K.L.:
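Attaching a single structure in structure tokens format; questions to follow.
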Protein chains: 2
Amino acid sequence: MTTKTSERQFLERYRPERFARPSLTVDLVILTVVDKELRVLLVQRAEHPFKGRWALPGGFVRVGESADHQGEDLDEAAARELQEETGLSNIYLEQVRTFGKPGRDPRMRVVSVVYFALVRPSLVPLVRSGGDAARARWYGATDTPPLAFDHADMLAAAIARLRADLDRTGIAFQLVPETFTVQELRTAHEAIRAQALDPGNFRKRFLRMIDDGVIEPARGKRATASKPAHVYRFTVEREVES
Amino acid sequence: MTTKTSERQFLERYRPERFARPSLTVDLVILTVVDKELRVLLVQRAEHPFKGRWALPGGFVRVGESADHQGEDLDEAAARELQEETGLSNIYLEQVRTFGKPGRDPRMRVVSVVYFALVRPSLVPLVRSGGDAARARWYGATDTPPLAFDHADMLAAAIARLRADLDRTGIAFQLVPETFTVQELRTAHEAIRAQALDPGNFRKRFLRMIDDGVIEPARGKRATASKPAHVYRFTVEREVES
DNA sequence: GTAATAGTGTCTTTTAGACAATATTTC
DNA sequence: GAAATATTGTCTAAAAGACACTATTAC
């Protein structure tokens with residue numbers, strides 16, 4: 001540890017423009033619920049380092065060189081990467097946290113802003129593998145192969161955030177179809193919490209959300225193997241990336 | 001918007017090393033509770049841009065140029081800046097969110113990782129103004145002068161995070177002395193929520209935390225203007241920056 | 001009819017909140 | 001004793017959870 005004085009000297013000796021700058025990336029934790037399970041989209045790295053390992057999709061933020069053209073926003077970079085990797089647009093994205101431990105990329109200092117994306121199950125079949133990565137695959141979110149870099153930490157942080165938001169926000173609505181049954185929403189909650197919920201008790205919470213104007217009945221029913229269920233719609237306008 | 005193809009060409013034409021890189025800073029939302037009010041430490045800018053305006057303390061992350069010496073961690077940069085600006089060390093710090101909108105600094109592309117710090121009221125008198133900034137002052141967290149850059153957004157995000165964590169974590173323990181009375185903890189909650197809480201009802205929650213082993217009685221009492229109160233201690237080890 | 005799921009109801013426990021009452025200390 | 005705060009207690013309402021029961025549809 002340097003002393004206070006030398007630190008201040010350091011600061012005064014260097015002009016801001018002369019501080020070394022890190023590379024900046026966004027990494028995406030793309031989540032969905034399929035077969036009552038929370039799943040994450042991973043890509044297999046085609047290049048060193050960690051060649052052949054599975055990793056979160058991501059890429060460099062486009063940074064402009066001049067004061068007038070500074071490049072794209074972080075949210076924009078996340079949406080663009082998502083589009084490039086999956087072909088999907090208009091998907092719920094939320095910033096999780098930024099990872100910047102020195103040495104996390106052996107080549108150079110790379111700071112990465114992590115986002116999670118919530119993909120409705122109905123869109124999953126439309127996902128097509130893009131980008132440079134050789135392959136893309138959905139894995140159980142808590143059952144992945146070893147991940148490249150510090151991507152396991154990123155995944156854990158994204159899931160923790162999702163769980164923390166679950167009972168506080170309407171985030172689960174991003175993981176069901178536009179119109180959904182009580183069971184479908186319950187299944188999303190169960191997948192996120194990795195825990196079964198009582199159907200009767202969950203329905204009570206559901207009805208309360210109707211009373212609160214969060215959910216409203218929609219037209220039609222959902223055909224099942226037995227008694228068809230009513231479908232509902234999320235009332236509040238969703239915040240989606242444009 | 002470019003097409004998918006040209007975006008891919010873009011990616012392939014550029015080696016990672018050749019992407020432009022942003023400047024990287026940390027900005028600190030340093031909070032405390034004084035006189036039953038949540039307060040934030042602001043510094044007055046001595047340089048352009050926004051010369052003379054009040055701003056959050058912060059500074060550049062030290063980034064190494066080589067693969068072997070990549071510089072300091074983000075958490076480390078936040079702790080160092082806090083030490084430089086206030087003289088305090090061993091303070092609770094938590095990453096909030098990263099701000100990187102192009103144009104947020106008119107000089108160049110600057111991406112800033114925001115942390116909040118929680119300073120126990122007992123430490124407030126020890127805070128001394130450091131760094132380059134001419135002056136530092138505590139302001140009511142919701143009653144600040146106009147702030148430089150996008151610092152008002154940062155402050156709002158930090159307060160929102162603090163409020164969201166309040167009932168979910170033991171974060172309020174960072175804003176009371178090491179041993180504290182029921183009232184002191186209640187006052188911290190009231191300041192964060194900007195709302196009065198019933199003393200009797202709060203005590204019930206407090207007793208429940210004792211049952212849960214979160215809080216334990218400590219030796220001594222707190223002298224007041226009337227009946228002295230018992231003091232307690234947070235049981236769980238605190239996570240503090242080293 | 002049978003299987004399967006939708007949907008309703010009951011009971012208990014926990015928690016939040018409003019609010020009254022009592023206890024203990026300083027001055 | 002008066003003021004001030006600590007501390008306890010009561011009552012109500014909202015919510016979570018366990019669990020039994022009824023209704024409706026596909027087959």
Side-chain angles (χ1 to χ4, degrees), chain A residues 33 35-36 121 163-170 172 176-177 179-233, chain B residues 33 35-36 121 163-170 172 176-177 179-233:
Chain A
V33 172
D35 291 342
K36 302 173 181 249
R163 285 182 180 157
D165 284 356
L166 182 61
D167 291 319
R168 222 169 40 79
T169 72
V176 291
T179 66
F180 51 87
T181 65
V182 179
Q183 186 196 174
E184 285 166 346
L185 189 65
R186 174 166 54 84
T187 299
H189 277 253
E190 289 175 334
I192 294 170
R193 298 177 44 171
Q195 183 197 9
L197 296 172
D198 180 90
N201 293 336
F202 188 84
R203 168 172 281 268
K204 270 191 299 192
R205 287 177 55 184
F206 196 96
L207 295 179
R208 214 176 302 135
M209 287 191 274
I210 296 176
D211 284 345
D212 295 345
V214 178
I215 295 170
E216 60 189 15
R219 302 186 64 79
K221 301 202 168 200
R222 182 79 82 242
T224 69
S226 66
K227 177 178 174 182
H230 281 288
V231 296
Y232 301 84
R233 168 191 310 123
Chain B
V33 172
D35 292 341
K36 301 175 182 247
R163 285 182 180 156
D165 284 356
L166 182 61
D167 291 320
R168 221 169 40 78
T169 72
V176 292
T179 66
F180 49 88
T181 65
V182 179
Q183 186 196 173
E184 285 166 347
L185 189 65
R186 174 166 53 84
T187 299
H189 277 252
E190 289 175 335
I192 293 171
R193 297 177 43 171
Q195 184 197 6
L197 296 172
D198 180 271
N201 293 336
F202 188 84
R203 166 172 282 268
K204 269 190 300 192
R205 285 177 56 185
F206 196 96
L207 295 178
R208 216 176 302 134
M209 286 191 275
I210 295 177
D211 284 345
D212 295 345
V214 178
I215 295 171
E216 61 188 15
R219 302 186 64 78
K221 301 203 167 199
R222 183 80 82 240
T224 69
S226 66
K227 176 178 174 182
H230 281 289
V231 297
Y232 300 84
R233 167 191 309 123

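What you see is a predicted model, and the numbers here were worked out from it, not measured in a lab.
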K.L.:
Within the distance-only criterion (no hydrogens, no angle test), does the side chain of B/Arg233 pair as donor or acceptor with the backbone N or O of B/Arg219 below 3.5 angstrom?
P.N.:
no

K.L.:
Does A/Arg168, at its CZ atom, have more than 12 non-hydrogen atoms belonging to other residues, nucleotides or ligands within less than 6.0 Å?
P.N.:
yes

K.L.:
Can A/Asp211 and A/Arg208 be counted as an ion pair, charged N to O under 4.0 angstrom?
P.N.:
no

K.L.:
Take B/Ser226 and B/Pro199, find for each the nucleotide of DNA chain C with the closest heavy atom, and name the residue whose nucleotide sits nearer the 5' end.
P.N.:
B/Pro199

K.L.:
Please figure out whether A/Leu197 or A/Thr224 has its closest DNA chain D nucleotide nearer the 5' end.
P.N.:
A/Leu197

K.L.:
Can you give the first and last nucleotides of DNA chain D, 5' to 3', that have an atom under 4.0 Å from a heavy atom of chain B?
P.N.:
D/dA4 to D/dT10

K.L.:
Could you check whether any side-chain N or O of A/Arg193 sits under 3.5 Å from a backbone N or O of A/Arg163, counting only pairs where one atom can act as donor and the other as acceptor?
P.N.:
no

K.L.:
What is the 5' to 3' range of DNA chain C, first to last nucleotide, that sits under 4.0 Å from any heavy atom of chain A?
P.N.:
C/dA4 to C/dT10

K.L.:
When you match A/Lys204 and A/His230 each to their closest nucleotide on DNA chain C, which lands nearer the 5' end?
P.N.:
A/His230

K.L.:
Can a salt bridge be assigned to the pair A/Asp167 and A/Arg205 using a cut-off of 4.0 Å between side-chain N and carboxylate O?
P.N.:
yes

K.L.:
Among A/Glu184, A/Gln183, A/His189, which residue meets the side-chain contact (heavy atoms from CB on, under 4.5 Å) test with A/Thr187?
P.N.:
A/Gln183

K.L.:
Donor-acceptor check, side chain of B/Asp212 to backbone of B/Val214, threshold 3.5 angstrom: yes or no?
P.N.:
no

K.L.:
Does some side-chain heavy atom of B/His230 sit less than 4.5 Å from a side-chain heavy atom of B/Lys221?
P.N.:
yes

